[in-house]
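We name chains A, B, ... by the order of the sequence lines, and we start the count at 1 in each one. Side chains included, hydrogens not; waters and symmetry mates left out as well; all remaining heavy atoms used.
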Amino acid sequence: MGKPTRFQAPKGMHDILPAEIWRWQRLEAAFIEAATLHGYSEIRTPILEPTDLFVRSIGESTDVVQKEMYTFQRHDDSLTLRPEGTASAARAYVQHAVQALEPISRWYYLGPMFRAERPARGRQRQFHQAGCEIFGDPGPTCDAEMISMLVSMFVDLGIGELEVSISSLGGPETRPKYRSVLLDFLRPKAADLSEHSRARIEVNPFRVLDSKDEGDRAAVEGAPSILDYLSDEDRAHWDALKTQLEALEVPFRVSPGLVRGLDYYNRTLFEISSSAGELGAQNALAGGGRYDTMVEDLGGPKIPAIGFAMGLERILLAMGESERVVEPSCFVVPMGEKATIDGLVLARELRQLGVRVDVDGRQNSLKSKLRRANSSGARVCAIIGESEIETGTVQLKDLLQHSQEQVPRDRATRIIADRLLGSTPRAGGND
RNA sequence: GUGGGUGUAGCUCAGUGGUAGAGCACUGGAUUGUGGCUCCAGUUGUCGGGGGUUCAAUUCCCCUCACUCACCCCA
């Protein structure tokens, strides 16, 4: 018998170990705080949804639906691991008739998403997104507010070199009109386009404008801009959005060629990218836009909506290294059996007062325990040995100040707690 | 999905057709009960996995897996 096979996480799916989880928690806390300040409440939906939900909302012809979904059969149901969060939120909104409870709903979510792509830096098969959705508000005020929230959150996280791109896709009047104008422009140029783009002209001509191919870019130079074909209402919405963003001092770039890979968007479209940190080619940190017809398309009432999603892995790359904030804690070092029992009790007493405590119960040398105390980042260390048990004392060592004092065991808990948490002036504070 | 690069100790990486090394980390000691610095000693590897060539493969060849870069796509 050989050794058992060593398993590893599936391709493109990663463990996040304790050594790095604090960065995730910091990011998540910043997101939750920003969302909460803006009136969003969390929604949690299943990670699996009926496959058709994504086909209908994201769009049958999109890459996400055509080749990236994890889909499987379970009895008679076709289920899919969610590739994004908006469809689920909209499904939940419709299922629970939330429009009957309140005119406007602001939701945020956070969690893993799945897309079967070839992994690269900033692109994994299981990745994590956080996002916000607003149902029932036609904008454009909430559009501007949403973009502004994202930008200030990124700035607060220390991410530099941000670029905000915005555009408008117009509504049901604008799109067909622009589409035919664009087709008239592209068809004669088909011969100059890359094979990839040529194939797209009829399927999704908007995407041709977004090509990275140099030949395509040259050929597309001077293409008509959708912004010149907006209906009066779409134009009013678009102009107001820009005015409000300027008022909020959000620097943005108008990118008429901006395209999202999901079919459901209309009117406001935005993307925030950064060239900071260790981001490679995948430098879009967040993207979103309006999807005013999705709720209705999913069998609900006519309810306008807007949302965005941000990729947590990429944001962490863009954030780069940062100082870990270590919370004050106490390290208890007992030597010997009796002392170990007492160390356990001391630790419990300290925890009851809200102090973070480690007890090193290994049967090894004082030196190695102190080494661990030091590298744990603990601020103080309580040493209990045979002689301390006999004299009813504890050696209280301050690892930062390199000082040590002997304190009575019965006052040790209070003294340590005061030192770490700061003495809390309660009734009659006399200092 | 297409094309390229990489894969040696827990981590960062040297190295060789004759089955391996450094630094960091870890453990012990110098200090029989005192951490961060210093010094000394020690532990750790199926040289990513499988197959082939060879007397002999970690080294050469093929396949495969993982990561990575570009394309693609997107957050």
Side-chain angles (χ1 to χ4, degrees), chain A residues 2-14 17 19 58 62-68 83-86 110-131 150 194-197 199-200 207 210-214 216 258-262 270-274 278-288 307-318 331 333-336 339 360 362 364-389 395-404:
Chain A
K3 289 188 184 171
T5 55
R6 302 262 229 122
F7 292 108
Q8 48 182 291
K11 179 178 183 143
M13 305 194 182
H14 298 292
L17 297 172
I58 296 172
T62 58
D63 282 14
V64 170
V65 166
Q66 287 203 329
K67 35 190 199 198
E68 296 172 3
E84 57 109 44
T86 299
L110 192 64
M113 306 292 164
F114 303 83
R115 299 203 315 220
E117 299 178 274
R118 176 97 173 242
R121 176 175 290 277
R123 182 170 73 185
Q124 282 144 230
R125 291 185 168 186
Q126 176 175 336
F127 61 107
H128 297 79
Q129 283 190 336
L150 267 171
S194 65
E195 193 184 341
H196 190 74
S197 288
R200 276 183 145 160
R207 299 224 62 122
D210 198 34
S211 173
K212 279 184 191 169
D213 183 272
E214 289 208 12
D216 286 354
L258 188 62
V259 179
R260 314 258 79 227
L262 315 174
F270 60 92
E271 179 173 299
I272 301 180
S273 59
S274 167
E278 302 167 37
L279 282 171
Q282 331 296 328
N283 68 348
L285 299 180
F308 73 84
M310 58 190 216
L312 301 189
E313 281 84 358
R314 290 184 189 177
I315 293 167
L316 288 168
L317 287 171
F331 200 98
V333 173
M335 296 301 293
D360 193 337
R362 301 131 94 207
N364 60 356
S365 70
L366 176 61
K367 182 200 291 263
S368 67
K369 288 192 222 227
L370 283 176
R371 257 207 276 269
R372 194 156 89 91
N374 189 58
S375 62
S376 79
R379 194 166 296 172
V380 301
C381 177
I383 303 169
I384 310 172
E386 298 300 330
S387 60
E388 283 74 27
I389 295 284
Q395 295 295 338
L396 187 54
K397 187 179 192 63
D398 190 309
L399 291 165
L400 290 182
Q401 291 172 5
H402 312 286
S403 60
Q404 184 169 328

Visitor: For A/M310 and A/R125, find the nucleotide of RNA chain B closest to each by heavy atoms; which residue's nucleotide sits nearer the 5' end?
Guide: A/R125
Visitor: What residues form a side chain to side chain donor-acceptor pair (under 3.5 Å) with A/Q129, not counting sequence neighbours?
Guide: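 Listed in chain order: nothing, the list is empty.
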Visitor: I'd like the C1' distance from B/G15 over to B/U19, given in whole Å.
Guide: 14 Å
Visitor: From NZ of A/K369 over to C1' of B/G33, roughly how many Å is that when rounded to an integer?
Guide: 11 Å
Visitor: With sequence neighbours left out, what residues match A/K11 under salt bridge (Lys or Arg N to Asp or Glu O under 4.0 Å)?
Guide: none
Visitor: Output all residues satisfying salt bridge (Lys or Arg N to Asp or Glu O under 4.0 Å) with A/E117, sequence neighbours left out; order by chain, then residue number.
Guide: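 Partners of A/E117 by the salt bridge (Lys or Arg N to Asp or Glu O under 4.0 Å) criterion, ordered by chain and then number, come out as A/R123.
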Visitor: Pick the C1' atom in B/C69 and in B/A56, then give their distance to the nearest Å.
Guide: 37 Å
Visitor: How many angstroms lie between CG in A/L317 and CZ in A/R121, if you round to the nearest 0.5 Å?
Guide: 5.5 Å
Visitor: What pairs of residues pass the salt bridge (charged side-chain N to carboxylate O under 4.0 Å, His left out) test when at least one of them lies in residues 372-383 of chain A, not counting sequence neighbours?
Guide: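 Pairs touching residues 372-383 of chain A that pass the test: A/D360-A/R372.
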Visitor: What do the steps show when you test A/H128 against A/E313 for side chain to side chain donor-acceptor pair (under 3.5 Å), and what is the final call?
Guide: CA-CA 7 Å; A/H128 297 79; A/E313 281 84 358; 2.7 Å; yes
Visitor: Considering Watson-Crick and G-U wobble pairs with both distances under 3.5 Å, what does B/G17 pair with?
Guide: none
Visitor: Just compare B/G35, B/U34, B/C74 and give me whichever is closest to any side-chain atom of A/L366.
Guide: B/U34
Visitor: State the pairing partner of B/A70; accept Watson-Crick or G-U wobble contacts with both distances under 3.5 Å, and report none otherwise.
Guide: B/U2
Visitor: Return the value, rounded to whole Å, for the distance between atom CG of A/N374 and atom C1' of B/A25.
Guide: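 A/N374 atom CG is separated from B/A25 atom C1' by 14 Å.
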Visitor: Any sub-3.5 Å donor-acceptor pair from A/R314's side-chain atoms to A/L285's backbone N or O?
Guide: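 The answer is no, because no donor-acceptor pair under 3.5 Å joins these two groups.
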Visitor: Applying side chain to side chain donor-acceptor pair (under 3.5 Å), name anything that partners A/Q66, two or more places apart in sequence or on another chain.
Guide: none
Visitor: Under 3.5 Å for both donor-acceptor distances, Watson-Crick or wobble: does B/G7 have a partner, and if so which one?
Guide: B/C65
Visitor: Could a donor-acceptor pair under 3.5 angstrom be found where the side chain of A/S387 meets the base of B/G33?
Guide: yes
Visitor: Pairs under 3.5 angstrom, nitrogen or oxygen only, protein versus nucleotides 27-30 of chain B, please.
Guide:
| residue | atom | partner | partner atom | Å |
| --- | --- | --- | --- | --- |
| B/U27 | OP1 | A/R362 | NH2 | 3.3 |

Visitor: Could you check whether A/K397 gets within reach of a base, just the sugar-phosphate, or nothing at all, counting any heavy atom under 4.0 Å?
Guide: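 Base contact.
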Visitor: When you check the phosphate oxygens OP1 and OP2 of B/A66, does a side-chain N or O of A/K11 lie under 4.0 Å from one of them?
Guide: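 Looking at the OP1 and OP2 atoms of B/A66, one of them is under 4.0 Å from a side-chain N or O of A/K11.
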Visitor: Can you measure A/K67 atom NZ to B/C74 atom C1' for me and round it to whole angstrom units?
Guide: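 Distance, rounded to whole Å: 12 Å.
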Visitor: Between B/U34 atom C1' and A/M335 atom CE, what is the distance in whole Å?
Guide: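 Rounded to whole Å, this separation is 10 Å.
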Visitor: Can you list everything that forms a side chain to side chain donor-acceptor pair (under 3.5 Å) with A/N364? Sequence neighbours excluded, please.
Guide: A/S368
Visitor: Please work out if A/E68 contacts a base, only the sugar-phosphate, or nothing of the nucleic acid, heavy-atom cut-off 4.0 Å.
Guide: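 Sugar-phosphate contact only.
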Visitor: Can you tell me how far P in B/G50 sits from the matching atom in B/G17, rounded to whole Å?
Guide: 23 Å
Visitor: Does A/A309 reach a base, just sugar-phosphate, or nothing at all? Heavy atoms under 4.0 Å.
Guide: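 Touches sugar-phosphate only.
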Visitor: Looking at every strand, decide which applies to A/L312 at a 4.0 Å heavy-atom threshold: base, sugar-phosphate, or nothing.
Guide: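 No contact at all - A/L312 keeps every heavy atom at 4.0 Å or more from the nucleic acid.
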Visitor: In whole angstrom, give me the gap between the C1' atoms of B/G45 and B/C13.
Guide: 15 Å
Visitor: With C1' as the reference atom in both, quote the distance from B/U8 to B/G48 in angstrom, rounded to an integer.
Guide: 10 Å
Visitor: Distance check, C1' atoms only: B/A41 and B/C55, in whole angstrom units.
Guide: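 About 40 Å, rounded to a whole number of Å.
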Visitor: Using the side-chain heavy atoms of A/R123, tell me which of these nucleotides is nearest: B/G33, B/G35, B/C72.
Guide: B/C72
Visitor: Would you kindly compare A/M13 and A/S375 by the position of their nearest RNA chain B nucleotide and give the one closer to the 5′ end?
Guide: A/S375
Visitor: To check you understand the geometry: which heavy-atom pair defines the closest contact between A/S273 and A/A284, and what is its length?
Guide: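 Closest approach of A/S273 to A/A284, heavy atoms only: CB-CA, 4.0 Å.
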Visitor: Quick check: any donor-acceptor pair below 3.5 Å linking the side-chain of A/Q66 to the base of B/G1?
Guide: no
Visitor: May I ask which nucleotide in the shown strands pairs with B/G28, Watson-Crick or G-U wobble, both distances under 3.5 Å?
Guide: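 By the stated definition (distances under 3.5 Å), B/C40 pairs with B/G28.
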Visitor: Donor-acceptor pair under 3.5 Å: do we get one between A/Q395's side chain and the base of B/U34?
Guide: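 By the distance-only test, no, there is no pair.
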Visitor: Expressed as a whole number of Å, how far does the C1' atom of B/C73 sit from that of B/U2?
Guide: 13 Å
Visitor: Tell me the interatomic distance from A/L317, atom CG, to B/C69, atom P, rounded to whole angstroms.
Guide: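 Distance, rounded to whole Å: 9 Å.
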Visitor: Can you check the A/L258 CG to B/C74 P distance for me, whole Å?
Guide: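 Computing the A/L258:CG to B/C74:P distance gives 11 Å.
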Visitor: Begin with the C-alpha distance, continue with both residues' side-chain angles, and end with the deciding distance and a verdict on side-chain contact (heavy atoms from CB on, under 4.5 Å) for A/L258 and A/E271.
Guide: CA-CA 8 Å; A/L258 188 62; A/E271 179 173 299; 4.0 Å; yes
Visitor: For A/S376, which residues count as a side chain to side chain donor-acceptor pair (under 3.5 Å) partner, sequence neighbours excluded?
Guide: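 For A/S376, no residue satisfies side chain to side chain donor-acceptor pair (under 3.5 Å) once neighbours in sequence are set aside.
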Visitor: Restricting both atoms to N or O, compile the protein contacts to nucleotides 2-6 of chain B shorter than 3.5 Å, with distance only.
Guide:
| residue | atom | partner | partner atom | Å |
| --- | --- | --- | --- | --- |
| B/U2 | O4 | A/R118 | NH1 | 2.7 |
| B/G3 | O6 | A/R118 | NH2 | 3.0 |

Visitor: At less than 3.5 Å, do the side-chain atoms of A/R115 and the base atoms of B/C73 form a donor-acceptor pair?
Guide: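 A donor-acceptor contact between them is absent.
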Visitor: Between atom CD in A/Q124 and atom C1' in B/C73, what is the gap in whole Å?
Guide: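 These atoms are roughly 15 Å apart.
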Visitor: How many whole angstroms separate atom CG of A/D398 from atom C1' of B/G35?
Guide: 12 Å
Visitor: Provide the Watson-Crick or G-U wobble partner of B/G45, both distances under 3.5 Å; none if there is no partner.
Guide: none
Visitor: In whole Å, what separates the C1' atom of B/U31 from that of B/C37?
Guide: 15 Å
Visitor: What does A/G12 touch in the nucleic acid at a heavy-atom separation under 4.0 angstrom: a base, only the sugar-phosphate, or nothing?
Guide: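 Counting heavy atoms under 4.0 Å across all strands, the contact made by A/G12 is with sugar-phosphate only.
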